[in-house]
Amino acid sequence: MVKLLIWVMIAAVVMAGVVFFKKIENKKKTYIVAVGSLLAAAIALWMQENFAWHMSLLAILGLSLVTALLYMKIEEREQQEKERLKQERKDRKKQAVESPKPVKPEKEAEKAPEPETEPVKEKSEKVFGMESIGPVGKGN
């Protein structure tokens with residue numbers, strides 16, 4: 001029974017350390033796991049004195065199950081939110097493609113000044129940097 005107690009205490013300390021020392025984007029899920037492990041450790045410590053060892057083990061297992069269910073429920077909600085946002089983006093994109101742009105009348109098109117185009121600069125014949133090194137294996 002002492003081995004179980006020590007194991008649960010170590011697990012609780014590790015999970016608490018993860019919450020407070022690791023930088024994670026979604027703290028809610030991490031808090032659920034840490035609080036679940038600490039709660040399981042506390043219940044197991046309390047039950048160790050009054051109940052048989054297998055009852056303490058069952059309590060740890062039950063609390064771990066509840067913690068896992070809470071964690072997966074939050075994960076499912078986040079996944080649904082991502083899917084909803086993805087669908088909204090698709091709908092906006094489809095709506096933008098379907099709506100045609102208004103055509104300008106010819107009079108306005110004639111009055112509009114044409115933008116000046118700059119002459120295209122040709123590549124200089126000077127070679128700089130890595131361009132001066134030939135391909136490997138081609139016999140420089």
Side-chain angles (χ1 to χ4, degrees):
M1 194 64 186
V2 174
K3 290 180 184 179
L4 174 66
L5 171 66
I6 292 171
W7 183 79
V8 169
M9 288 171 55
I10 290 172
V13 169
V14 167
M15 290 310 300
V18 166
V19 169
F20 295 113
F21 297 121
K22 190 173 181 184
K23 304 237 180 200
I24 300 173
E25 288 181 22
N26 192 346
K27 291 268 188 185
K28 186 185 284 186
K29 290 192 280 186
T30 307
Y31 285 140
I32 286 175
V33 171
V35 168
S37 66
L38 289 173
L39 188 61
I43 295 295
L45 284 173
W46 175 75
M47 289 182 75
Q48 183 176 0
E49 296 174 4
N50 302 327
F51 297 95
W53 68 271
H54 62 277
M55 295 301 286
S56 297
L57 192 60
L58 286 174
I60 291 171
L61 187 63
L63 287 171
S64 299
L65 177 65
V66 170
T67 302
L69 289 173
L70 287 172
Y71 183 88
M72 289 311 295
K73 189 67 174 176
I74 289 176
E75 186 73 28
E76 181 183 0
R77 285 183 185 166
E78 287 178 357
Q79 190 68 23
Q80 287 174 349
E81 182 68 19
K82 286 180 185 177
E83 288 295 325
R84 185 185 63 80
L85 292 174
K86 187 177 180 181
Q87 187 63 34
E88 285 179 4
R89 276 187 252 124
K90 282 182 181 179
D91 292 343
R92 274 191 248 129
K93 188 181 276 188
K94 186 183 283 186
Q95 187 179 19
V97 169
E98 289 176 358
S99 62
K101 294 182 180 178
V103 180
K104 292 184 180 179
E106 292 179 15
K107 293 179 182 177
E108 290 180 12
E110 292 175 6
K111 292 179 183 177
E114 294 183 20
E116 296 179 16
T117 58
E118 295 180 13
V120 179
K121 296 180 181 178
E122 293 186 22
K123 199 174 191 182
S124 64
E125 295 194 18
K126 292 183 180 180
V127 180
F128 297 101
M130 294 300 289
E131 293 176 355
S132 63
I133 302 172
V136 176
K138 298 285 182 172
N140 292 346

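We're numbering straight along the sequence, starting at 1.
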Partner residues of [X] under the side chain to side chain contact (heavy atoms under 4.5 Å, CB included) criterion, sequence neighbours left out:
X     : result
Glu81 : Arg84, Leu85
Lys90 : Lys86, Gln87
Glu76 : Lys73, Gln80
Ile74 : Lys28, Lys29, Ile32, Glu78

Euclidean distance, Met55 CE relative to Leu57 CG, rounded to 0.5 Å: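 Answer for the CG-CE pair, Leu57 versus Met55, is 11.0 Å.
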For Leu65, the rest of its hydrophobic cluster, which grows through side-chain links under 4.5 angstrom: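 Traced through the cluster, Leu65 reaches Leu69.
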List the atom pairs, donor and acceptor, that lie under 3.5 Å between side-chain atoms in residues 39-47 and the rest of the protein, sequence neighbours left out.
none

